[in-house]
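Whatever order the structure lists ligands and atoms in, that order sets their numbers, starting from 1. In this text the structure is predicted, and so the values were computed from the model without any measurement.
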Amino acid sequence: MSKHIVVFTGAGVSAESGLKTFRDSDGLWENYPIEEVATPEAWKRNPELVLEFYNLRRKQCMEAQPNEAHKLIAELEKYYKVTVITQNIDDLHERAGSSNVIHLHGEIMKVRSSVDENLIYPINKWNLELGEKCEKGSQLRPHIVWFGEPVPMMPVAIGITQTADIFIVVGSSLVVYPAASLLYYTKSGIPKYLIDPGEFSESVLREVIHIKKKATEGMRELFEILTKNVWV
Ligand code: APR
């Protein structure tokens, strides 16, 4: 049995594919305040603006291509059992070939009913408009976990994280909870790596080996380490 690698990714892994992060300078939240586009209250108040924000995310996602970091993460499956837990709503991990991807914050290429969260549909065009309804007759909304909403995949993600033999974080500021808490659910003593060019708190740096580089360069380096001596 090969060892189990859990890769936990954030917006930084898709930055080199041309998708903006949220909290870097000129990040998404600087141009669109969270409370105006990413909360249930915003959806009630101004659904048009919310749809516009996510339509743009969907359009950019459809135009983007997976980068070398996504591809190397997928290639690790040749050597290890790999689960990707991503905070990203894009589908670049899947398109790079990763076969086990858990989306904690939803998926931009899906929409769902606004009265029944189990009615989820794929969308294969970039724009979702007011007036497009689910089979129960209610407005379709993006299949996204907004601020203030529960994170239904969190218990699954915790269970998987607890089985990791190696834990890798790529491109996340680790400030959004509960997602960021995964780092602390790992078994004690396992190797944990963080690939991210940003600055982190002492409490994070105590947990990880920090490869302070962009996702593609950092993944190239870590891929080399993990595949030179495959841990079985
Ligand atoms: N390679 C790797 N990391 C990068 C790169 C890059 N090329 N460019 C930027 N980063 C890093 C930044 O240093 C930062 O630590 O990516 C991180 C992006 O952080 P955030 O914008 O906070 O994104 P993320 O951690 O994914 O946010 C979590 O917040 O708003 C919510 O739902 C949204 O899922 C998102 C969650």
Do Y121 and E132 have side-chain atoms, one donor and one acceptor, less than 3.5 Å apart? no
Pairwise salt bridge (Lys or Arg N to Asp or Glu O under 4.0 Å) hits with a residue in residues 142-154, at least two apart: R141-E149
Close N or O approach (F200, ligand 1; < 3.5 Å): no
of all protein heavy atoms, closest to atom 7 (N) of ligand 1 is E16 OE1, 3.3 Å
Atom 27 (O) of ligand 1 - nearest protein heavy atom and its distance: R23 NH1, 3.2 Å
Applying side chain to side chain donor-acceptor pair (under 3.5 Å), run through K192 and T186 and close with a yes or a no. CA-CA 9 Å; K192 292 194 247 186; T186 49; 2.8 Å; yes
Got I168 and V6 here, is their nearest side-chain heavy-atom distance under 4.5 Å? no
Under 3.5 Å between some N or O of ligand 1 and some N or O of A15? no
Nearest protein heavy atom with distance in Å, relative to atom 3 (N) of ligand 1: P197 CD, 3.2 Å
Nearest protein heavy atom to atom 22 (O) of ligand 1, by residue and atom, and its distance? S173 OG, 2.5 Å
Have a look at F8, W146, Y177, W29 and point out the one with the heavy atom closest to atom 30 (O) of ligand 1. W29
Atom 9 (C) of ligand 1 sits nearest the protein heavy atom D24 OD2, 3.2 Å
Could you tell me whether the side chains of T9 and T86 share a donor-acceptor contact shorter than 3.5 Å? yes
N/O of A215 under 3.5 Å from N/O of ligand 1, yes or no? yes
Contact between T83 and T161 at the side-chain level, heavy atoms closer than 4.5 Å - yes or no? no
With ring pair (Phe, Tyr, Trp, His ring centres under 6.0 Å) as the test, would you mind laying out the steps for H4 and Y80 before giving the verdict? CA-CA 6 Å; H4 184 197; Y80 295 93; over 10 Å; no
Look at atom 28 (C) of ligand 1 and say which protein heavy atom is nearest, naming residue and atom and giving the distance to 0.1 Å. Q87 OE1, 3.2 Å
Is the side chain of R112 donor-acceptor paired with the backbone N or O of L119 at a distance under 3.5 Å, no angle test? no
Please check if any side-chain donor atom of S99 sits under 3.5 Å from a side-chain acceptor atom of E77, or the reverse. yes
Are V50 and P47 packed together at the side-chain level, in the sense that at least one heavy-atom pair is separated by less than 4.5 angstrom? no
Within-cut-off N or O pair, K213 and ligand 1, under 3.5 Å: no
I'd like the name of whichever of T216, V169, D196 reaches closest to atom 17 (C) of ligand 1 through any heavy atom. D196
Going by the closest heavy atom to atom 16 (O) of ligand 1, which one wins out of G10, G12, A11? G12
Geometry only, no angles: is S172 polar-contacting ligand 1 at N/O separations under 3.5 Å? yes
Considering only the protein, which heavy-atom contact is closest to atom 34 (O) of ligand 1, and what is its distance? H105 ND1, 2.8 Å
Quiz: residues 59-68 side-chain donor-acceptor pairs under 3.5 angstrom, not counting sequence neighbours:
| unit_1 | atom_1 | unit_2 | atom_2 | d |
| --- | --- | --- | --- | --- |
| K59 | NZ | E63 | OE2 | 3.3 |
| Q60 | OE1 | R57 | NH2 | 3.3 |
| N67 | OD1 | A69 | N | 2.7 |
| N67 | OD1 | H70 | N | 3.3 |
| N67 | OD1 | H70 | ND1 | 3.4 |
| N67 | ND2 | V13 | O | 2.8 |
| N67 | ND2 | S17 | OG | 3.2 |
| E68 | OE1 | R220 | NE | 3.2 |
| E68 | OE1 | R220 | NH2 | 2.9 |
| E68 | OE2 | R220 | NE | 3.1 |

Just need the protein heavy atom nearest to atom 35 (C) of ligand 1, so name the residue and atom and give the distance. F22 CE1, 3.5 Å
Of all the atoms in ligand 1, which lie at a distance below 4.0 Å from a heavy atom belonging to G198? 13 (O)
Evaluation steps, side chain to side chain contact (heavy atoms under 4.5 Å, CB included), between I123 and K125: CA-CA 6 Å; I123 177 167; K125 54 174 188 149; 3.9 Å; yes
Tell me which part of V176 gets within contact of ligand 1: side chain, backbone, both or neither, using heavy atoms under 4.0 Å. side chain
If you count the atoms of ligand 1 from 1 in the order shown, which ones are under 4.0 Å from a heavy atom of F147? 30 (O), 31 (C)
